[in-house]
Amino acid sequence: MKIAILPGDGIGPEIMAEAVKVLQALGLRFEMETAPVGGAAYEAAGHPLPEATLRLAQQADAILFGAVGDWKYDKLERHLRPEQAILGLRKHLGLFANFRPAICYEQLVGASSLKPELVAGLDILIIRELTGDIYFGQPRGRRSAPDGAFAGAEEAFDTMRYTRPEIERIARVAFEAARKRGKKVTSVDKANVLETFQFWKDVVTEAHQDYPDVALEHMYVDNAAMQLVKAPKNFDVLVTGNMFGDILSDEASMLTGSIGMLPSASLNEKGQGLYEPSHGSAPDIAGKGIANPLATILSAAMMLRFSLAQPAAAERIEAAVRQVLAQGLRTADIWSEGTTRVGTREMGDAVVKALKDN
Ligand code: NAD
């Protein structure tokens with residue numbers, strides 16, 4: 001099993017060191033190879049996704065990714081900016097399915113902005129289509145408006161589009177995922193207004209015929225945004241397009257109170273995946289040793305489950321994380337009165353200890 005380790009920028013290297021420590025403590029045989037990505041790669045090789053890093057990612061069974069980005073790169077040409085590395089990896093590896101679990105840990109219920117009874121025990125999975133939709137549809141651009149009340153005025157436009165195979169494969173991913181969980185899929189669309197999403201709804205409904213053991217419901221995106229804050233526990237797996245998924249997955253992540261706790265995965269058709277925390281490179285706290293490494297450690301657990309066929313090892317890591325939270329250990333972002341504040345390294349050490357004790 002070969003894992004590409006891409007730490008990146010800001011807090012990336014700090015949180016990655018802890019995740020690697022946890023993986024090593026499992027006693028499994030991994031080959032781990034590290035390469036620069038993002039701003040670090042730009043400094044080292046003049047490009048955020050150098051050829052050698054891309055080759056390593058393509059050869060690996062899975063990629064564990066830290067975070068990229070720093071304000072100091074904001075003035076670079078777009079194709080040289082750190083964030084382009086993620087887009088490049090998605091494109092080259094065909095990573096079309098984005099998994100964002102939103103889990104509210106019992107001990108962190110108080111960190112949510114919602115009432116405890118609404119989020120206690122929350123465990124939902126948002127699956128976002130990642131390579132299509134209005135983010136990539138052509139044509140797009142600026143021009144002189146060809147018609148309408150403001151014909152001749154300068155305008156900008158994008159194109160929302162989805163092909164049948166793109167919808168079918170993400171729908172199947174969602175039904176398969178639901179089979180291993182609560183057996184319910186909510187497909188989120190805007191079929192009442194958009195042709196693209198009427199088609200989405202039709203294709204998801206057809207694909208559902210192969211999954212009679214999974215319940216399917218359809219929901220408009222505006223209603224889904226409301227239900228996520230009104231009764232989030234009614235969801236199990238939520239599947240949607242690229243743009244709606246972008247927005248709803250961030251909304252769902254906030255239900256849990258801390259972005260420092262949330263892992264994510266992006267998978268291709270071969271099951272190869274890129275695993276990363278949902279947060280960014282947090283330049284404001286980089287180098288201080290206070291970042292929460294748990295989102296990256298939990299991303300490593302997802303990697304073991306989805307790309308490396310090691311579900312028992314994934315569960316061991318998740319149990320160890322629950323245990324350190326139960327012991328009252330907290331990094332600054334999730335600290336509250338009566339708990340023990342620890343740094344990045346101490347948190348990683350505590351997870352390793354919990355793993356070894358069990
Ligand atoms: P961010 O997620 O990096 O930080 C937002 C806030 O959350 C900050 O106050 C930060 O200190 C805090 N935070 C984030 N992760 C934390 C952790 N593990 N522990 C404790 N606190 C944590 O988002 P931002 O500030 O908007 O962006 C910073 C940089 O990251 C930008 O350059 C942006 O482009 C980049 N970014 C990268 C990714 C990625 O690599 N996938 C995703 C989002 C943003």
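Computed from heavy atoms alone, side chains included, the values below leave out hydrogens, waters and symmetry copies. Sequential numbering from 1 along the given sequence is applied to the chain's residues. Start at 1 and go down the list; that is how both ligands and their atoms are numbered.
For ligand 1 and A291, the ligand atoms under 4.0 Å from any heavy atom of the residue are 19 (N). Atoms of ligand 1 found under 4.0 Å from any heavy atom of A67, numbered from 1 in the order shown, are 40 (O). Counting the atoms of ligand 1 from 1 in the order shown, those under 4.0 Å from a heavy atom of E276 are 41 (N). Atoms of ligand 1 lying under 4.0 Å from any heavy atom of I86, numbered from 1 in the order shown and given with element: 39 (C), 40 (O), 41 (N).
Both I170 and F235 are part of a single hydrophobic cluster, where members link through side-chain heavy atoms under 4.5 Å apart.
With hydrogens and angles left out, the side-chain atoms of D158 and Y135 include no donor and acceptor closer than 3.5 Å. Side-chain contact check for H218 and T205: at least one donor-acceptor pair (N or O, by modelled atom type) lies under 3.5 Å. A donor and an acceptor atom, one from each side chain of E276 and S299, are nowhere located under 3.5 Å apart. For N98 and S266, the side-chain atoms include at least one donor-acceptor pair closer than 3.5 Å. In this structure, a donor-acceptor pair under 3.5 Å is absent between the side chains of T296 and Y275. Of the N and O atoms on the side chains of Y211 and E176, at least one donor lies less than 3.5 Å from an acceptor on the other residue.
Residue-to-ligand polar distances place V68 within reach of ligand 1: an N/O pair is separated by less than 3.5 Å. Where the criterion is an N or O separation shorter than 3.5 Å, residue side chain and backbone included, W71 fails it with respect to ligand 1.
Of the candidates G280, P293, P277, it is G280 that places a heavy atom closest to atom 42 (C) of ligand 1. Checking A332, A282, A85 against atom 4 (O) of ligand 1, the nearest heavy atom belongs to A282. Considering only non-hydrogen atoms, atom 28 (C) of ligand 1 lies nearest to P283 out of G66, A286, P283. Compare T344, N292, T331, V37 by their heavy atoms: the one nearest to atom 19 (N) of ligand 1 is in N292. The heavy atom nearest to atom 30 (O) of ligand 1, out of those in G69, G39, S281, S264, is found in S281. For the residues I11, I334, D333, the heavy atom positioned nearest atom 16 (C) of ligand 1 is part of I11.
Contact annotation for atom 8 (C) of ligand 1: protein present (non-hydrogen atoms, distance under 4.0 Å). Distances from atom 44 (C) of ligand 1 to the protein include at least one heavy-atom value under 4.0 Å.
Counting protein heavy atoms only, atom 34 (O) of ligand 1 is closest to E83 OE2, 2.5 Å. In this structure, the protein non-hydrogen atom closest to atom 21 (N) of ligand 1 is I285 CD1, 3.6 Å. Atom 15 (N) of ligand 1 has as its closest protein heavy atom H279 CG, 3.1 Å. Taking atom 11 (O) of ligand 1 as the reference point, the nearest protein heavy-atom neighbour is D284 OD1, 2.9 Å.
Between F197 and F244, the ring planes lie tilted relative to each other; the angle falls in the 30° to 60° range.
A donor-acceptor distance shorter than 3.5 angstrom exists from the side chain of D236 to the backbone of K184, with no hydrogens or angles considered.
Side-chain rings of Y162 and F199 stay apart, their centers remaining 6.0 Å or farther from each other.
Atom CZ of R161 has 12 or fewer heavy atoms from other residues, nucleotides or ligands within 6.0 Å.
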